[in-house]
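Here is how names work: the chains are called A, B, and so on, in the same order as the sequence lines, proteins then strands, and each is numbered from 1. Since this is a predicted model, take the numbers as computed values, not measurements.
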Amino acid sequence: MSTSNQSHEMSQHGSKASASTSEGKRKNQKTSRKAVYKRYNTLGQSSGSPALGHPQSGARKSLKDMTKAERRALQEQKVLEKQDRKAAGLPSSAKKASEQEAHRKVASPKIGSTANTPQSPAPDAEKQAKKQQKRLNEVPWLSHLDPPKKPNTASNTNKDLHPAVLALGLRFAEHKMVGSNARCVAMLMTFAKIIQDHKPPSDASFSRHIQKYLDPHIAYLLSVRPMSLSMRECIRWLKKEISEIVEEDPPLTDESARNRLVERIEYFIKERITVADRLIVENGMQKIQNGDVILTYAKSSVVEALLLEAKRSGYEFRVVVVDSRPMFEGKHLLRRLVSAGIDCTYVLLSSIYVVLKDVTKVILGAHALLNNGAVYSRIGTAMVAMAASDKQIPVMVCCETYKFVNRTQVDSLVLNEMGNPDELVVKKSNDENSSNSLTNWRDVPNLRLLNLHYDVTPSKHITLVVTEVGLIPCTSAPVIWREYNEEFRKGVQAK
Amino acid sequence: MIHSGADSPIFVMATEIEKQADSAPLDPKLFNAVECYHRFLQDPDMSTPVATFKVFTEFIRCSQAPTMTEFLETLRQVGETIQDASIYDSNEWKSLNNSRTRNPHKATIATLAGIHLFNQFVRRNSSDFTELEDLKATLLNGSARILEKAASARERVAETGAQFVHDNAVILVHSYSRTVMNVLQYAANVQNKRFKVYVTEGRPTSDGLVAVSELQASGIPCAAVLDSAVGFILDKVDMIFVGAEGVVENGGIINQIGTYQIALVAKALSKPVYAIAESYKFVRLYPLNQYDLPSIVPDIVSFSTRRKSSSNALDLGENHSVDLAMSNPSVDYTPPQYLTLLLTDLGVLTPSGVSDELIKLYL
């Protein structure tokens, strides 16, 4: 919202005269928000329904139980709320507004001045000191990234959620399920299950209610672990599908709408992930020759499939698996490659330049391919790609087109995922009291550990991208994103 | 499915390659792809992908395949036959001692481009039809339109390319390329620009000498330089024009041997390198390095035949140059980072723009 618009609306609602300084504006917002709350309360009382009291009172009657008058009152109240929010310069949707509100509440004590919140009980001095210490241990220029989260399974806020989502959330949070393809497929399957099981309330049709019903599930998944870029892209696609179902004319019956959504999800998984992987393997095979020494980093499901297929086709080649702390994902790949009878070498990232000497190709996986041709992938990928391109070794990235995202990022700091810094501390299992300088790192002032999950590889280090539509240079990512998404949508509709 | 047997036209075509052109004439009713391909290539102004495309058109006209499946299958086989023939040709041409007679049609990559283009064209159309005759009619109509457009492509390239030539420019040209010749002649004769041209000799074919005489005939001052003198002459040069047999997915080009070296030297001396090509030479290939091309890997890459290579060094007899041409590659791959721009009939493209055009064409 533009500033002029904001002040105009504010003055309309009879708040204090708008001042041009930002200080004045903040004050204005506060006063108008207070006015909003007052109105909620009065409205609730006048309509004579205690359930319509404060919006955060929680125990609300379900829509089914209300009388017609009550429902109308609720609707009117919502409209008013929306207007007031608009006037106060908050986003129009209730969800976003409450998010902002919550954010502000969380942020305000962090900023420091506790004097601003006199109504809160006097903070425990010890707690405060601990907090202070924790902040010292955080990397200051990455405070915009969420710290690693722990799912709260106990709280009753989750009781409306589908059990499948709770189970999935746990597996995400504990890193039991990793890898963008696996996470994406699992998420979509869970959503399909939710859609299958969902019974809309009697006064709402399935297609109108499902979106609202899914939102808290998505929010829950977000709250346990940040989503990968490709998962966000999938959710965007799913929401578009849902909105198309609502627009369908004549309206679909609940049953057919449900079936259509589930079918579409299955089709998406099949076309964009399962079949895509098979095609990527097929396309990637063109570039594998006898006598190759292929270097790969960490673990990617599609790279694994490609290497296994190459072995099955009888190519003679050697694989160098490069791995790194703290995840050691390469070990999983290594185990499968070795059991398939492939000649393997296993090294850590620090020895990359030593092993690059006789490598002929580097094949990597990706979490997402950005619009500027950069690859967003497991941390360390950028180093591998840079070292290889320095040695003039072709770097191939295997990436399905559903991972192409319309987003540009030039460094790894704007968006990333923070891992648990304790993972960097080497724990010797047999000796608890070992004198490791890192074991008590939280107590050491001005010592910070940083464990990021991803990095961005600039496009100049990538020779080609293997996708299901063929081998393309990474600079063509936006064209594929535009053209192929269009094509897929048409294909789905034609089906 | 296809009826296979000695009298099937496909079988005849396949054996034909082995016998090559001087075998006894075959049943005229049967379509002979290789012969047709060679006939089209007789025309010195015919570009290889266009010739390939024309062979397919001829085939559709003659085809008596009863079903859709068989029709598409035979089309595929025609493609393979032509591809084999082009590989055979390039070897055949090398082995004959004809280094002074210019053979512009040795391009395996260009043939591949033509085949890919036609296959894509068929794939686009084949899903819309259930009747074979309808499909054939549509394909013939469509290919006539494409050929018409292709015929004017070289002119449009000349217009695009000539704007890069300025007065008093000194241009280095690698060997002989019809598109480059067109650009230079357009700049000199239509736009009346005055410029000088150096042409590399282009061993082992020495096509560059042909280019020199052609340019002199059209009144453009020019001189031939040895392939090994490129570094020496490049200081005096303002820009470099090279043709292309094929333009690959990442915007690199496959062209007559020596192009890569020139591009490397030009990069070191920061001179612009312009690749000039018609858009029908774009091909969905993605070579990773020099040895990743779909032609036969030349002998010199591996030292497996030790005796042969040593005899090569000692033998200074009659067949010396022929042997060298045989054991050496005829094309090389220039990666996109060494090209400044591509001048095409679609306009001026950066190397990464090629892939965007290809995706639009093939998706």
Checking heavy atoms, do the side chain of P336(B), its backbone, both or neither come under 4.5 Å from chain A?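 For P336(B), no heavy atom lies under 4.5 Å from chain A.
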Please state whether the side chain, the backbone, both or neither of E483(A) comes within less than 4.5 Å of a heavy atom of chain B.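 Contact with chain B is through both the backbone and side chain of E483(A).
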To check you understand the geometry: which heavy-atom pair defines the closest contact between L471(A) and R284(B), and what is its length?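 Heavy-atom minimum between the residues: O-NH2, 4.2 Å.
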Quick one: closest heavy-atom pair of P473(A) and E249(B), and the distance?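 That would be CD-CG, 3.9 Å.
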In [range], which residues are in contact with chain B at a heavy-atom separation under 4.5 Å?
range	answer
residues 391-401 of chain A	P394(A), M396(A)
residues 298-311 of chain A	none
residues 457-469 of chain A	T463(A), L464(A), V469(A)
residues 282-294 of chain A	K287(A), Q289(A)

Max heavy-atom pair count under 4.5 Å with chain A, selected residue of I359(B), N250(B), L285(B):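 Among I359(B), N250(B), L285(B), the one with the most close pairs to chain A is I359(B).
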Residue [X] excluded, over 12 heavy atoms near [atom1] under 6.0 Å:
X	atom1	value
E241(A)	CD	yes
R312(A)	CZ	yes
E316(A)	CD	no

Test side chain to side chain contact (heavy atoms under 4.5 Å, CB included) applied to S476(A) and V354(B), L358(B), D356(B), the passing residue: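 Single side chain to side chain contact (heavy atoms under 4.5 Å, CB included) partner of S476(A) among V354(B), L358(B), D356(B): D356(B).
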